[in-house]
Amino acid sequence: MQKIPITVEVNGRKASREVEPRLLLVHFLREALGLTGTKIGCDTSQCGSCTVHLDGMAVKSCTVLAVQANGSQVTTIEGLGNGELHPMQQAFWDNHGLQCGYCTPGMIMTATKLLEENPNPSDEEIRDGLEGNLCRCTGYENIVKAIRAAAETARGGS
Amino acid sequence: MYPEAFSYHAPSTVEEALALLERHGDDAKLLAGGHSLLPAMKLRLSGPTHIIDMKHLRGSLDYIRDEGDDVAIGALTTHRSLERSELLRGKLPVLAETAGCIGDMQVRNLGTLGGSVAHADPAGDLPAAVLALDAVLVAQGSGGTRTIAAGEFFHGFFETALEAGEILIELRIPTLAAGSGSSYQKFFHPASGYAVCGAAAVITPDASGNVASCRVALTGVSEGAYRATAVEEALVGKPFSEELAAAAAEHAADGIEPLEDYFADATYRGHLAKTFVKRALLTAWERSG
């Protein structure tokens, strides 16, 4: 069986492993590195609970091979806040932007990218931006509220 | 879910990729953004034993260039880049509009124009736009490059004019005539987001409000994206009106046996084709001038 040496910078730390080519990035993160904050929901590229940042882009890590991430930088929910809660995590906390919490890491990873590109989104733009993230509890109202609040905080509002 | 085992290759040049394709033949698949191939491999619908990852070719095949009469787009340009390109929004807005309808942000961040077109999913969005824009596709093989007109590229269910040893490297899209309007109208599958029906239209008016030229293409309806030439013929040379658009749109599925699945039967899909062609025509006309 072919094994390929890869080095991926995950949350600022270089991780080197030998992996099977068919290993998915999400399994590399969860099983090889023990970073279980990233969830596997649908496993069919739809639900977005496996969303991480790959070289600065939000991607679904169930639809990326670990070997494709060789030489890249990955940020997971564990690496978002530098030891403290990231403002987006805080906004989800403050606004109860979760029910069961399973979709939350993916929601937050997508939401941070959404605000980077559009710091002042309308509710409709937030909902459009979350197209690729599903909440099985249907708790979207407070998720949208949390992202709106994080946007206000980032803009220096109240 | 994980794919069947395969050997992995990451060539640095198109030539190296071609050599790998030649060596491994039907056992090999090219991996671009991977957002059609990897899901199919995870579901074990596809089981290539060699994957040729094109990631190192991004440096040379990811671009959108204004070349005067044409816009040249590298095959590895992502949907997200198409969607956000100021050049495309200005010159070929329907391509940016279509790319923006694909999947979701995460999918668009990795999925590529060349991958989508070469994959030729019958419900893919970009093939309709590529046809309506009369693009020219550039394929490279061991003997050099050749061009293929969009109208000759799509051969039905996941089939294209690409030969086994060829790689789609670029799309060249003619700049629209002055005053043209364009639109892509899509009926999203409520679960998958794929096109149950997608209609792309490009219309150029003349000075007196007649349709000087027009191209209409559909995806999602048949085994492959197709030009609705009967719609186009019903419009050209006539003064545009809502009634004319509606009458022309009646021909949206002429000669086509619409696909059937448990979401949409053939009658419903045929109806959607007419409805969405009409919407695409009206919107394109509104944007013209």
Side-chain angles (χ1 to χ4, degrees), chain A residues 1-6 19-28 31 40 42-72 106-107 109-114 116-118 125-134, chain B residues 1-10 12 28-29 31-58 62 76 78-81 83-84 100-112 115 188-194:
Chain A
M1 183 196 308
Q2 189 191 20
K3 286 256 190 179
I4 299 206
I6 63 168
V19 301
E20 258 196 271
R22 63 174 164 172
L23 183 72
L24 300 168
L25 179 60
V26 69
H27 293 302
F28 176 73
E31 289 158 25
I40 299 171
C42 67
D43 217 3
T44 53
S45 326
Q46 288 172 311
C47 81
S49 66
C50 65
T51 301
V52 299
H53 299 167
L54 173 66
D55 292 331
M57 293 182 302
V59 304
K60 294 180 173 177
S61 60
C62 79
T63 312
V64 177
L65 300 169
V67 287
Q68 287 179 284
N70 187 17
S72 291
M107 286 284 179
M109 298 313 281
T110 301
T112 52
K113 283 294 149 193
L114 185 65
E116 267 178 35
E117 289 176 14
N118 181 358
E125 286 169 331
I126 293 173
R127 287 174 185 275
D128 275 355
L130 294 180
E131 174 81 38
N133 293 78
L134 302 179
Chain B
M1 292 188 294
Y2 49 90
E4 285 176 49
F6 56 82
S7 298
Y8 176 80
H9 312 269
S12 320
K29 271 282 191 188
L31 177 68
H35 274 54
S36 298
L37 180 58
L38 290 175
M41 288 168 64
K42 286 169 67 181
L43 291 168
R44 308 288 172 113
L45 297 171
S46 175
T49 48
H50 292 271
I51 284 291
I52 304 168
D53 187 354
M54 296 170 81
K55 64 183 265 188
H56 297 307
L57 309 184
R58 266 184 228 142
D62 177 2
L76 292 180
T78 63
H79 306 324
R80 195 82 175 131
S81 299
E83 178 189 8
R84 293 162 63 85
C101 289
I102 299 170
D104 50 58
M105 177 174 74
Q106 294 97 309
V107 169
R108 295 196 291 277
N109 275 334
L110 290 181
T112 66
F188 292 79
H189 188 286
S192 72
Y194 274 88

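Everything numeric in this text was worked out from a predicted model, so none of it was measured. Numbered from 1 within each chain, the chains take letters A, B, ... in sequence-line order.
- Side-chain atoms of Lys113(A) do not come within 3.5 Å of backbone N or O of Met105(B) as any donor-acceptor pair.
- In this structure, the separation between NE2 on His9(B) and CD on Gln2(A) is 6.5 Å, given to the nearest 0.5 Å.
- If you measure heavy-atom distances from Thr63(A) to chain B, the contacts under 4.5 Å come from both the backbone and the side chain.
- For a residue to count as touching a neighbouring chain, one of its non-hydrogen atoms must lie under 4.5 Å from one of that chain's; by this rule Arg84(B) touches chain A with the side chain only.
- Summarising the geometry, atom OG1 belonging to Thr110(A) is positioned 8.0 Å from atom CG belonging to Asp104(B); distances are rounded to the nearest 0.5 Å.
- Nearest heavy-atom pair across Tyr8(B) and Pro21(A) is CB-CB, 3.6 Å.
- Using a 4.5 Å cut-off between heavy atoms, Gln68(A) touches chain B through backbone and side chain atoms alike.
- Proximity to chain B involves both the backbone and the side chain of Asn70(A), based on heavy atoms less than 4.5 angstrom apart.
- To the nearest 0.5 Å, the span separating NZ on Lys42(B) from OG on Ser45(A) amounts to 5.0 Å.
- Residues Met57(A) and Thr78(B) form no side-chain contact, since every pair of their non-hydrogen atoms from C-beta on lies 4.5 Å or further apart.
- At distances below 3.5 Å, not a single donor-acceptor pair connects side-chain atoms of Lys60(A) with backbone N or O atoms of Gln106(B).
- The contact between Leu31(B) and chain A is made entirely by side chain atoms (from C-beta outward), counting heavy-atom distances below 4.5 Å.
- Contact annotation for Ala191(B): only backbone heavy atoms (N, CA, C, O) come within less than 4.5 Å of a heavy atom of chain A.
- In this structure, Thr44(A) and Met1(B) have side chains that are in contact, with non-hydrogen atoms separated by less than 4.5 Å.
- Atoms CG and CE, on Leu65(A) and Met41(B) in that order, are 6.5 Å from each other to the nearest 0.5 Å.
- At a 4.5 Å heavy-atom cutoff, Leu23(A) makes no contact with chain B through either its backbone or its side chain.
- Going from atom CZ of Arg80(B) over to atom CD of Glu117(A) covers 4.0 Å, rounded to the nearest 0.5 Å.
- Glu20(A) and Ala5(B) get closest at one heavy-atom pair: OE2-CB, 4.4 Å.
- Within 6.0 Å of NZ in Lys29(B) there are 12 or fewer heavy atoms belonging to other residues, nucleotides or ligands.
- With sequence neighbours left out, the side-chain hydrogen bond (donor to acceptor under 3.5 Å, both in side chains) criterion links Asp62(B) to no other residue.
- For the pair Asn109(B) (side chain) and Ala58(A) (backbone), a donor-acceptor distance under 3.5 Å is present.
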